[in-house]
Amino acid sequence: RNFNLDTYLQWGADRQHDLFNSVALGSQEYTLAQGQSPRLTDARLLLHYRGTHGPELNSNVNLQLSRNAQETTNGTAATTNTTTYRTASAGVTWTPSRQVSASVGGRAEDTQAPQFTVKSTGGEASLRFEQPLSFGLLQASYGLRMSQRNQTASATQFSIVGEHLTLSGTAVVALSRPFVVGSAVTVSNLSRTQVFVPGIDYVLSVVGTTTRVQRLISGGILDGQELLIDYLADSGGTYASTQFEDNLDLNLNLWRMVDLYVRAALVEPQLESGTPTAPLNTIRSTLYGVRAELPVAATGLSLGGFAE
């Protein structure tokens, strides 16, 4: 059983304030081979506000609350594991001209689960510059982010039950938790009447600490089908950390046909206390690339490629 309610409101003399609200309630009960019927209930609330405060200033506020309760059975006894996730973010963007914009924002998250709790806060700022040229366009942006994380784990691994995921085409979609145990992933339809087979219906790929799911066209997952994902993930241990991130992007477009770009990033985590089970590594990366799309005369077609 599912219930969804979406509302959209506008107010102000020029309708400069927008508020989007989404409420979703769900309850599922399925029968296991032993005849047991555990129940999964979830509730989600999303609020998104966007305001225009003049020709140069915009703001946004986002609030999200979700609660997932999974009933498990052990013989004749039944227990309920409840996970609550709360997040809030807000930001302001200032655009004094078409060439320059700046933004600042903050974010806070709170996750409460039977095996672990996580509290994190952070702030970020960015600056963007754009300059038209006689032969193209020059773009540059710089971003700075700082975050603090406090995590308490009572087990080395925890289970995620019923994470909603929609697979469209062959696009890859990341699972919400890092350090997923790949051998413990189960993909099923919403009614849990069908369990899909890895390598036949979908494939898993790992990039860094992130596990991604990709639909196979020849498999049994329909294009755009909503799925439930159950998996185990490493908790990461009990620790507190602070992380700083810098990002710099430079792009030069030549005659609307060739892009030359450089992207540099630095991520520096600092352990404040505790003992994480996974290392907090410093990441330094620099990417140089060129991308071209050249028209083929008198054909209406174009020939393109890139190198990085």
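For the 3.5 Å distance criterion, the side chains of Thr152 and Thr238 fail to qualify, holding no donor opposite an acceptor. Thr83 and Asn68 form no side-chain donor-acceptor contact under 3.5 Å, judged by distance and modelled atom types alone. Under 3.5 Å, the side chains of Glu293 and Ser302 contain a donor-acceptor pair of N or O atoms. If you check the side chains of Ser101 and Arg128, you find a donor sitting under 3.5 Å from an acceptor. Glu130 and Gln99 form no side-chain donor-acceptor contact under 3.5 Å, judged by distance and modelled atom types alone. No hydrogens or angles considered: nothing links the side chains of Gln270 and Glu268 as a donor-acceptor pair under 3.5 Å. For the residue pair Arg212/Gln214, the side-chain donor-acceptor check at 3.5 Å is not satisfied. Judged purely by distance below 3.5 Å, without hydrogens or angles, the side chains of Asp259 and Asn251 pair a donor atom with an acceptor atom.
In this structure, Val290 and Tyr261 approach most closely via the heavy-atom pair N-CE2, 3.8 Å. Residue Ala174 comes nearest to Thr210 through the heavy atom pair CB-CG2, 3.6 Å, listed as atom of the first residue, atom of the second, then distance.
Taking OG of Ser168 as the reference point, atom CZ of Arg215 lies at 8.0 Å (rounded to 0.5 Å). In this structure, Asn150 CG and Ser120 OG are separated by 9.0 Å, a value rounded to the nearest 0.5 Å. Rounding to the nearest 0.5 angstrom, the gap separating the OG atom in Ser188 from the CD1 atom in Ile229 is 7.0 Å. How far CG of Asn247 is from OG of Ser126: 10.0 Å, rounded to the nearest 0.5 Å. Between the OG1 atom in Thr156 and the CG atom in Asp234 there is a gap of 7.0 Å [rounded to 0.5 Å]. Between the CG atom in Leu144 and the CG atom in Leu266 there is a gap of 10.0 Å [rounded to 0.5 Å].
Ring orientation note: the planes of His17 and Tyr49 are close to parallel, at an angle under 30° on the 30°/60° scale.
The environment of CZ in Phe244 is crowded: more than 12 heavy-atom neighbours from other residues, nucleotides or ligands sit within 6.0 Å.
Residues Leu175 and Leu167 share a single hydrophobic cluster, defined by chaining ILVMFWY side chains whose heavy atoms lie under 4.5 Å apart. Under the 4.5 Å side-chain heavy-atom criterion for grouping Ile, Leu, Val, Met, Phe, Trp and Tyr, Ile221 is not connected to Leu228 through any hydrophobic cluster. Taking hydrophobic clusters as Ile, Leu, Val, Met, Phe, Trp and Tyr residues chained together by side-chain heavy-atom distances below 4.5 Å, Leu133 does not share a cluster with Phe129. Residues Met257 and Leu254 fall within the same hydrophobic cluster, defined by Ile, Leu, Val, Met, Phe, Trp and Tyr side chains chained together at heavy-atom separations under 4.5 Å. Transitive grouping of hydrophobic side chains (ILVMFWY, heavy atoms separated by less than 4.5 Å) brings Tyr231 and Phe196 into a common cluster.
Using a distance-only test at 3.5 Å, with no hydrogens or angles considered, a donor-acceptor pair links the side chain of Glu163 to the main chain of Ser176. A donor-acceptor distance shorter than 3.5 angstrom exists from the side chain of Asp201 to the backbone of Gly220, with no hydrogens or angles considered. Judged purely by atom type and a 3.5 angstrom limit, Gln151 uses its side chain to pair as donor or acceptor with the backbone of Gly237. Of the possible polar contacts, none joining the Ser235 side chain to the Phe158 backbone as a donor-acceptor pair under 3.5 Å is found. No side-chain donor-acceptor contact under 3.5 Å links Thr52 to the backbone of Gly54. Side-chain N or O atoms of Asn62 include none that pairs as donor or acceptor with a backbone N or O of His48 at under 3.5 Å. Remark: side-chain polar atoms of Arg50 are not paired, donor with acceptor, to backbone N or O of Asn60 under 3.5 angstrom. In terms of modelled atom types and a separation under 3.5 Å, the side chain of Asp18 and the main chain of Gln10 share no donor-acceptor contact. Judged by distance alone, with hydrogens and angles left aside, the side-chain atoms of Gln16 form a donor-acceptor pair with the main-chain N or O of Asp14 at under 3.5 Å.
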Give the C-alpha distance, both sets of side-chain angles, the deciding distance and a yes or no for side-chain hydrogen bond (donor to acceptor under 3.5 Å, both in side chains) between Glu226 and His164. CA-CA 7 Å; Glu226 188 174 359; His164 288 253; 2.8 Å; yes
Could you give me the CA-CA distance, side-chain angles and deciding distance for Thr93 and Asn58, then say whether side-chain hydrogen bond (donor to acceptor under 3.5 Å, both in side chains) is met? CA-CA 5 Å; Thr93 300; Asn58 296 277; over 6 Å; no
Apply the test side-chain contact (heavy atoms from CB on, under 4.5 Å) to residues Val180 and Leu232: give CA-CA distance (whole Å), side-chain angles for both, the deciding distance (0.1 Å), then the verdict. CA-CA 6 Å; Val180 170; Leu232 289 177; over 6 Å; no
Check the pair Glu124 / Val104 against side-chain contact (heavy atoms from CB on, under 4.5 Å), numbers first and verdict last. CA-CA 6 Å; Glu124 60 184 6; Val104 294; over 6 Å; no
Chi angles and distances behind the side-chain contact (heavy atoms from CB on, under 4.5 Å) call for Glu272, Tyr239: CA-CA 7 Å; Glu272 305 294 342; Tyr239 68 95; over 6 Å; no
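Exactly one residue among Thr111, Leu65, Leu63 makes a side-chain contact (heavy atoms from CB on, under 4.5 Å) with Arg86. That residue is Leu65.
Under a 4.0 Å N-O distance rule, the pair Lys119/Asp110 qualifies as a salt bridge.
A cation-pi arrangement is absent between Arg177 and Phe179, since the terminal nitrogen or guanidinium carbon is not both under 6.0 Å from the aromatic centre and inside a 45° cone about the axis.
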